[in-house]
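Report on one structure; see the data block that follows.
Scope of the values below: all heavy atoms of this structure, side chains included, with no hydrogens, waters or symmetry mates. Just so we're clear, the structure is a prediction, and the values are computed from it rather than from any experiment. We count residues from 1, following the sequence as given.
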Amino acid sequence: MKKSKKKVTPSQLNPRVPYSFLKDIVSKYKVSDLLLTLGQLGPAYMSPEASISLRTEIPPYAVAAIARESILIGSETSKKIFTGFGLIKYFCKYFNLSYDGPKYVKNANRDPLSIIMRHAFEQFRYQESDFEELARSIALFRFALAKTPKSGITKEQVDRILNAPLEAAMSAAIGLYVVMIASRGIWLDNFASDPALSKLFSLVPGQSIINLKDQLAKTPQELQVHYSAVNTLRPVGPHLDRWRYNPLYAYPLVKLPNSVIVGPHLRLLLFKLSPNSLMLMGSDTDSNFLSNMGLVIETYVGMQLELISGCRQIFPEVMWGATSDEGKSIDWFVVLPECILMIEVKNAMLSVAARAGDENLLPDLKRIFNKARDQLNKTFTKFQEWHPSLTFLPRDRQIIGIIVTATSMTFANSSLLRDELISTEIPVLVMSLRDLEHFVPRPAEDLCHAIRLVVDDPEAMTYPSHVSVGKYLDNRQNPILESAIDEIPIMKFVANL
């Protein structure tokens, strides 16, 4: 009798499988069954019993991708029986194994920088505080914007992006998030009758939550249409399928055929009001929005620098001549006890394809960072030449360049990128707005000492700044972000739950 061959799964044949394999198995299950189960993960992640193993076995970035594939290629007629979280773990296993390299797709981009980039942008946003991101939106689009009239952006313009005042939209989003967490990921029309939520409705009107729900809930068919329109404008190569655009970023709620509304990934409700999301929405209606926001972000960096206490002096950019046509310096000078920080602020954002690590990634990064490094070089040269515009700077201490990016680019100090950029005459560190916010609320001596320890260590210079500089600094509350939280009472209430 012939021995039957045991069926071998792709993972046993090869530790990597094409992403299309995951899409294929997801498509075999009913959309509503899968999305309703994913929706239950919101409260599961938040519960005190939630272990690190849950987030490891079912990572949130995998949940976002699985939900996307179900919406785009799944159906309601599938007959396969869905078995809950166990099956989600099975999907995540193949998600983690997925890799569309040369074995599956010709001309796949495999350089180390591209691989690091795509995984960093996919995963790291889920490791940051959602409420800190929301507070940063208030700090940028309210506090800093009010101090930057030359940007041309008005408070009313920002509110038009959301069809509501920013504070009201943010309160409604947090309220909707809490309501759907309480109902295990689905919308319940009688949500206001829950006694556990009574305090919530004293902070945000129930009707505003309903209005936002109606605005953000779309059927799978509507999400497919939206995806097709956006994906045409922001395409990625076939080997980057896993990292392509997700329609849930724009519309985080799904209206199922049985009229049930589910949030398959509830954190996306909060992501929608992050600074990056708001800037992208603004650029959809105003082609100058991003460049004008650059001025606002420069102001915001200056506001943060003012939080450094003790012996420090802060100066804005200077012009090399009587008019700006003759050129300008870097954005900020910070004179500390043992060093001078020359700070250049960059608000450039990468495309979906570049964030996924396509062939345009390196040229885009070189364009962003070489411009900043060139500006640092020019300013340092003027300093060495004793240019009259820079006589306010002392000559007895080390000069260190800092590039502050509006978007977190965790890999930006890596030698994989640094070796591709123009050289600089001074040591240069890249840090995000988030890094800066964590570093500045402390005495000038402490900040200067931490940064100097890093720039004097060649290996530490290649680490993300929150790791290298953060190693020498304790955690402190940022007063500007704390004031932003005070503007949204429901944020503080929910953060303390």
Please report the C-alpha distance between E437 and Y300 in whole Å, then the side-chain angles of each, then the deciding distance to 0.1 Å, and finally whether the side-chain hydrogen bond (donor to acceptor under 3.5 Å, both in side chains) criterion is met.
CA-CA 10 Å; E437 290 160 352; Y300 182 66; 2.6 Å; yes

For side-chain hydrogen bond (donor to acceptor under 3.5 Å, both in side chains), just list the numbers for S432 and D435, CA-CA rounded to whole Å, side-chain angles, deciding distance to a tenth of an Å, and then say yes or no.
CA-CA 5 Å; S432 66; D435 295 333; 3.3 Å; yes

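- Remark: K147 does not engage E298 in a salt bridge, criterion side-chain N to carboxylate O under 4.0 Å.
- Across every non-hydrogen atom of G42 and I181, the tightest pair is C-CD1, 3.5 Å.
- Considering only heavy atoms from C-beta on, V31 stays 4.5 Å or farther from V254 through its side chain.
- Here D374 does not pair with K371 in a salt bridge; the nearest charged N to carboxylate O distance is not below 4.0 Å.
- What you find for L270 and A173 is that their closest heavy atoms are CD2-O, 4.2 Å.
- Side-chain contact between T410 and I116 is absent, with no heavy-atom pair separated by less than 4.5 Å.
- Partner of P252 under the side chain to side chain contact (heavy atoms under 4.5 Å, CB included) criterion, chosen from L266, L176, L269, N246: L269.
- The side-chain heavy atoms of T154 and V158, taken from C-beta on, include no pair separated by under 4.5 Å.
- Under a cut-off of 6.0 angstrom, the local environment of CZ in R418 is crowded, with over 12 non-hydrogen atoms contributed by other residues, nucleotides or ligands.
- Sparse packing is recorded around CG of N475, with 12 or fewer heavy atoms of other residues, nucleotides or ligands lying under 6.0 Å away.
- The closest side-chain donor-acceptor pair between Q207 and N211 falls under 3.5 angstrom.
- When V469, I308, I451 are each tested for a side chain to side chain contact (heavy atoms under 4.5 Å, CB included) with F439, only one passes: V469.
- Side-chain contact between L433 and V345: absent, with no pair of heavy atoms (C-beta onward) separated by less than 4.5 Å.
- More than 12 heavy-atom neighbours from other residues, nucleotides or ligands sit within 6.0 angstrom of CD on E482.
- Remark: aromatic rings of F411 and F124 are distant, center separation not under 6.0 Å.
- Among D214, L256, L253, the single residue meeting the side chain to side chain contact (heavy atoms under 4.5 Å, CB included) criterion with I261 is L253.
- In this structure the side chain of L216 reaches within 4.5 angstrom of the side chain of K272, judged on heavy atoms.
- The backbone N or O of G185 sits nowhere less than 3.5 Å from a side-chain atom of Q40 that would complete a donor-acceptor pair.
- Side chains of V296 and N292 form no contact here, defined as non-hydrogen atoms less than 4.5 Å apart.
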Chi angles and distances behind the side-chain hydrogen bond (donor to acceptor under 3.5 Å, both in side chains) call for H438, Q477
CA-CA 8 Å; H438 284 237; Q477 297 294 327; over 6 Å; no

Side chain to side chain contact (heavy atoms under 4.5 Å, CB included) for L54 and F85? Distances and angles first, verdict last.
CA-CA 10 Å; L54 175 64; F85 284 168; 5.7 Å; no

Can you check side chain to side chain contact (heavy atoms under 4.5 Å, CB included) on I297 and M279, steps first, answer last?
CA-CA 11 Å; I297 293 171; M279 284 192 280; 4.1 Å; yes

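- Counting only heavy atoms from C-beta outward, the side chains of F271 and E133 never approach each other to under 4.5 Å.
- When only modelled atom types and interatomic distance are considered, N478 and Q304 share a side-chain donor-acceptor pair under 3.5 Å.
- By the 30° and 60° cut-offs, the orientation of the rings of F141 relative to F289 is parallel.
- A salt bridge between K366 and D364 is absent, with no side-chain N of the basic residue lying under 4.0 Å from a carboxylate O of the acidic one.
- Side-chain atoms of S465 and S468 include no donor-acceptor pair closer than 3.5 Å.
- For Y245 and H226, the distance between ring centers is under 6.0 angstrom.
- For E122 and R118, the salt-bridge test fails: no basic side-chain N is under 4.0 Å from an acidic carboxylate O.
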Candidate pair E306 and R312, rule salt bridge (Lys or Arg N to Asp or Glu O under 4.0 Å), full reasoning:
CA-CA 9 Å; E306 291 288 347; R312 92 297 188 265; 3.0 Å; yes

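- A salt bridge links E167 to R142: one of the charged nitrogens lies within less than 4.0 Å of a carboxylate oxygen.
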Go through it in stages, so that I can follow the logic: the residues are T405 and T407, the test is side-chain hydrogen bond (donor to acceptor under 3.5 Å, both in side chains), and I'd like the CA-CA distance, side-chain angles, deciding distance and then a yes or no.
CA-CA 5 Å; T405 60; T407 302; over 6 Å; no

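- A side-chain donor-acceptor contact under 3.5 Å links S414 to the backbone of L416.
- Across L273 and M170, no two heavy atoms sit closer than the pair CD1-CA, 3.5 Å.
- With no hydrogens or angles considered, no side-chain donor-acceptor pair links S27 and E69 at under 3.5 Å.
- H119 pairs in a ring-ring contact (aromatic ring centres under 6.0 Å, His included) with only one of the listed residues (W243, Y126, Y61), which is W243.
- Between F91 and Y29, the gap from one ring centroid to the other is short of 6.0 Å.
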Under the salt bridge (Lys or Arg N to Asp or Glu O under 4.0 Å) criterion, do R160 and E156 qualify, and how do the steps go?
CA-CA 6 Å; R160 282 197 298 273; E156 291 71 27; over 6 Å; no

Salt bridge (Lys or Arg N to Asp or Glu O under 4.0 Å) between K28 and D24, intermediate numbers included:
CA-CA 7 Å; K28 293 176 181 176; D24 181 57; 3.5 Å; yes

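- The closest side-chain heavy-atom distance from I490 to L200 is below 4.5 Å.
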